[in-house]
4 protein chains.
Amino acid sequence: MPRSTARREEILTVAGELFRQKGYHATSMQDIADRLQLQRGSLYAHIDSKEELLFEIVDRAADRFLEGIERAWREGRTARERLRRALAAHMSVIADHRDTASVFFHEWRFLRDDLRRRIQVKRDRYEARWRELVADGVRRGEFRAVDPRFAALLALSAVNWAYQWYSPEGPLSPAEVAEAFADLILQGLEGRGAPATAELAARAGAAASPGSAPPGAAGADDGAGSR
Amino acid sequence: MPRSTARREEILTVAGELFRQKGYHATSMQDIADRLQLQRGSLYAHIDSKEELLFEIVDRAADRFLEGIERAWREGRTARERLRRALAAHMSVIADHRDTASVFFHEWRFLRDDLRRRIQVKRDRYEARWRELVADGVRRGEFRAVDPRFAALLALSAVNWAYQWYSPEGPLSPAEVAEAFADLILQGLEGRGAPATAELAARAGAAASPGSAPPGAAGADDGAGSR
Amino acid sequence: MPRSTARREEILTVAGELFRQKGYHATSMQDIADRLQLQRGSLYAHIDSKEELLFEIVDRAADRFLEGIERAWREGRTARERLRRALAAHMSVIADHRDTASVFFHEWRFLRDDLRRRIQVKRDRYEARWRELVADGVRRGEFRAVDPRFAALLALSAVNWAYQWYSPEGPLSPAEVAEAFADLILQGLEGRGAPATAELAARAGAAASPGSAPPGAAGADDGAGSR
Amino acid sequence: MPRSTARREEILTVAGELFRQKGYHATSMQDIADRLQLQRGSLYAHIDSKEELLFEIVDRAADRFLEGIERAWREGRTARERLRRALAAHMSVIADHRDTASVFFHEWRFLRDDLRRRIQVKRDRYEARWRELVADGVRRGEFRAVDPRFAALLALSAVNWAYQWYSPEGPLSPAEVAEAFADLILQGLEGRGAPATAELAARAGAAASPGSAPPGAAGADDGAGSR
DNA sequence: TATGAATGAGCGTTCATTCAT
DNA sequence: AATGAATGAACGCTCATTCAT
């Protein structure tokens, strides 16, 4: 199989979109072919299997997330700054590669054992980086003596879950969401003075039309109920 | 259809387990029947359709989560206490009804429009309660003037994501997990003094054999790789 | 799967017939279903796979051939008599289970490794019996000091090949064919006196309409060119 | 289409090999192209269809067999000698053009009606020659008054079947196999004195390691179990 | 209640072949 | 001569569901 041709990229893009909207199992090769105005068998001139599509989408997402935290680590000076950058990087991936990221979180478990294991390795490395980042902050005295596991998990949960509700069409940029979370995670609910997100709060509140659910809805995606 | 018989409950239990392990679409009626040593067709003496099973599982989970936060609100006096109770209640549902909760998060989007909307209503109410809880804390002066949307979302994300990694076989009780998160959310990373979770940290660290990955793994569930 | 129901036997019969006529790979489940006025998927209520059909057909044939030679060995007194009986038994299987026998010779190699090996064991045993039969005759002094391998192979080839040309509708009974071969194999071309088949020759010659090809054509089967 | 170019011959050779190993229907144009390091579609610059390949392979084999018996007839003086030569010629074709011969026996029936009929004509002619050869021997008084049909069929069956078990890598040359069969066919099992194959028997016995099974196995070919 | 045979649609994939380049 | 993208049909098989018994 050619690793990368224009047609193949088209297929991957469409597959990513459909996998996110309908789920891997509920998306048929027919669905993908229809969007490209192709016969379903014709896809196999470009790919080996449906599962290959899933793997490639998930693998690319894993690489993007990993790249993000590696760069955050390299480019940040303090633990505080690194955490902010890591949150921002994660949000960026979700914003810029919405389909891919969503499939990464939702559908990776449908990969067969060997492929899933390869993804698991990257997931584990990603999470380990987060824990190191927090542990380093504790060691430096920037953070309280919290359990790095829980603290990393809190930060990660916040941004992991974002694929469920974040929309690039909403009023907030990925950077702004990351900053709001960073503020909360660093300072907590019971703290001194006004949070950095005071102004954001106003904006988000103003823009939130009822039913559109930003942010706070653990919300329904588009497309899911189509079939 | 009889709304509730012993057989029907058996079917729901098995379906919940399989939906969690393999996903809704990858679970066949055959799979369910096999576990109950029944013929495929015999299931339809008790249920109307596969989708009905999914709806009922998801709907029950929604009710449990809602019940939890309502009681937390009623029984807690301070915002701080209510938040702790709400986190604990959520973790309890995840721990006590693991299959149901997992299906609630993962598979609800495969419901057809009308059924999905009914679930959406309950999800929205649940999230609204969380926002009210935070907003109330801000109003009372217990919390900083944070955006309730973001703060509620942070707390909710932490426990929502827990269905991905929490295992009742792990070293931590749901209450302990909830407490750890509460501590972090309330105090933040940069707080004063030792966190309430200092002792927990030791225990979790001691018990966590590499590979078993609690807490911190966004990890793979059992059963997913069955095919 | 139920090992034997009326429907299942019907399917096996039809499959045997079609596999012989068109070959295993050129026969589709659709073809089989059509003959039974069934949907192609409905077959799978009775069988596990197409290959299972092939295996069962081939395995039954193997058993019949084996049974035949075992009985010939038990019931014959002299080597001469045993050889005659073995030839007759083989021809009987071909005559009475034409489809099965034909598939046994032609299609067995399309079984996957493990199933093919199970058949191979029976084939090997069958051929070993033939060699023992001849070797015993040589030992007893009934036969010349021929190589049992070649002699057994000659006899076996004659009757193995019969599935290609023998037709129950032809003028000769399986017993008569077996006798003619037995006479030739035992006495050879250069011998004393008239062969036992002198009368047969007349009959066969009279009945052989040109083109119907009995015996002597390595001939075409019916049905092969249908698709 | 060019009738014969170097490329075309390559294709025919590869097709013959694959058709023998896997069967006509189980061999795809992809398989053939792969071996030649060509694209599927490129084959059609040299041939018209897959069936054309089959026809040409089978037709060439038919010609070779026919040529063999014609020459045996011309070059032999006595019936006995002609029979020996005919057997040897047949074995030579099988040994020297193993793929082609094997496909001739196994796959010719997959030709469509008109092409199959053209092959049938040659097969009929070939068998007729064998019968004439025997009939002539009877007429001359060299052979017993056997039915020429059965006698020809016996000889033909022996060598026809050889494509199933004969291997050029085995201990016996085609000529030796032919001689062994000729001896048996001419003299029969119950003859006078030692057979001409006494020495052969020793050699074959010595060389035949159990499992390799020459001669006597109606055996499995290489390649069949590839999938 | 439960069976088991059947349906009819759909699945992912392979196929021989075509054709513009 | 050869490529590579595409076709359209067919493949073996699975699915949720129905229904007479």
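What you see is a predicted model, and the numbers here were worked out from it, not measured in a lab.
Checked for salt-bridge contact, D:Arg60 and D:Glu9 meet the test: a charged N lies under 4.0 Å from a carboxylate O. Note on C:Asp114 versus C:Arg116: no salt bridge recorded, every NZ/NE/NH1/NH2 to OD/OE distance being 4.0 Å or above.
Not one side-chain nitrogen or oxygen of C:His46 sits closer than 4.0 Å to the OP1 or OP2 atom of E:dG4. Using a 4.0 Å cut-off, no side-chain N or O of B:Gln39 falls inside it from OP1 or OP2 of E:dA2.
A straight line from CG of D:Leu53 to C1' of E:dA16 spans 12 Å, rounded to a whole angstrom. Between the CG atom of B:Leu43 and the C1' atom of E:dT1 there is a distance of 12 Å, given to the nearest Å. Between B:Asp34 atom CG and F:dC15 atom C1' the separation is 14 Å, expressed in whole Å. Taking atom CD1 on A:Ile11 and atom C1' on F:dA6, their separation rounds to 12 Å, with Å as the unit. Following rounding to the nearest Å, C:Arg8 (CZ) and E:dG4 (C1') show an atom-to-atom distance of 15 Å. Between the CG atom of A:Leu36 and the P atom of F:dA6 there is a distance of 9 Å, given to the nearest Å. With rounding to whole Å, B:Phe110 atom CZ is found 17 Å from F:dA16 atom C1'.
Residue-level contact check: D:Leu38 touches the backbone only, with heavy atoms under 4.0 Å from sugar-phosphate atoms and none from bases.
A:Tyr163 has its ring centre less than 6.0 Å from the ring centre of A:His106.
For C:Ser49, the side chain to side chain donor-acceptor pair (under 3.5 Å) criterion is met by no residue, not counting sequence neighbours. Residues meeting the side chain to side chain contact (heavy atoms under 4.5 Å, CB included) test with B:Asp99, sequence neighbours left out: B:Glu17, B:Arg20. With sequence neighbours excluded, no residue forms a salt bridge (Lys or Arg N to Asp or Glu O under 4.0 Å) with D:Arg40. Partners of C:Asp31 according to the side chain to side chain donor-acceptor pair (under 3.5 Å) rule, which considers only residues two or more places apart in sequence or in another chain, are C:Lys22, C:Ser28.
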Pairs under 3.5 Å (Watson-Crick or G-U), crossing ones as [ ], inter-strand ones as |: DNA chain F comes out as .||||||||||||||||||||
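Checked against E:dA2, F:dG8, E:dA6, the side chain of B:Ser42 finds its nearest nucleotide in E:dA2.
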Quick test: give all pairs of protein nitrogen or oxygen and nucleotides 10-13 of chain F nitrogen or oxygen below 3.5 Å, distance rounded to 0.1 Å.
from, atom 1, to, atom 2, distance (Å)
F:dC11, OP1, C:Ser28, OG, 3.3
F:dG12, OP1, C:Thr27, O, 3.3
F:dG12, OP1, C:Lys50, NZ, 2.8
F:dG12, OP2, C:Met29, N, 2.9
F:dG12, O6, C:Arg40, NH2, 2.9
F:dC13, OP2, C:Tyr44, OH, 2.4
F:dC13, OP2, C:Lys50, N, 2.9
F:dC13, O5', C:Tyr44, OH, 3.3
F:dC13, N4, C:Arg40, NE, 3.4

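Under the 3.5 Å distance criterion, the side-chain polar atoms of C:Glu52 are left unmatched by any main-chain donor or acceptor of C:Ile47.
By the 4.5 Å heavy-atom criterion applied to side chains, D:Val103 and D:Tyr24 are not counted as neighbours.
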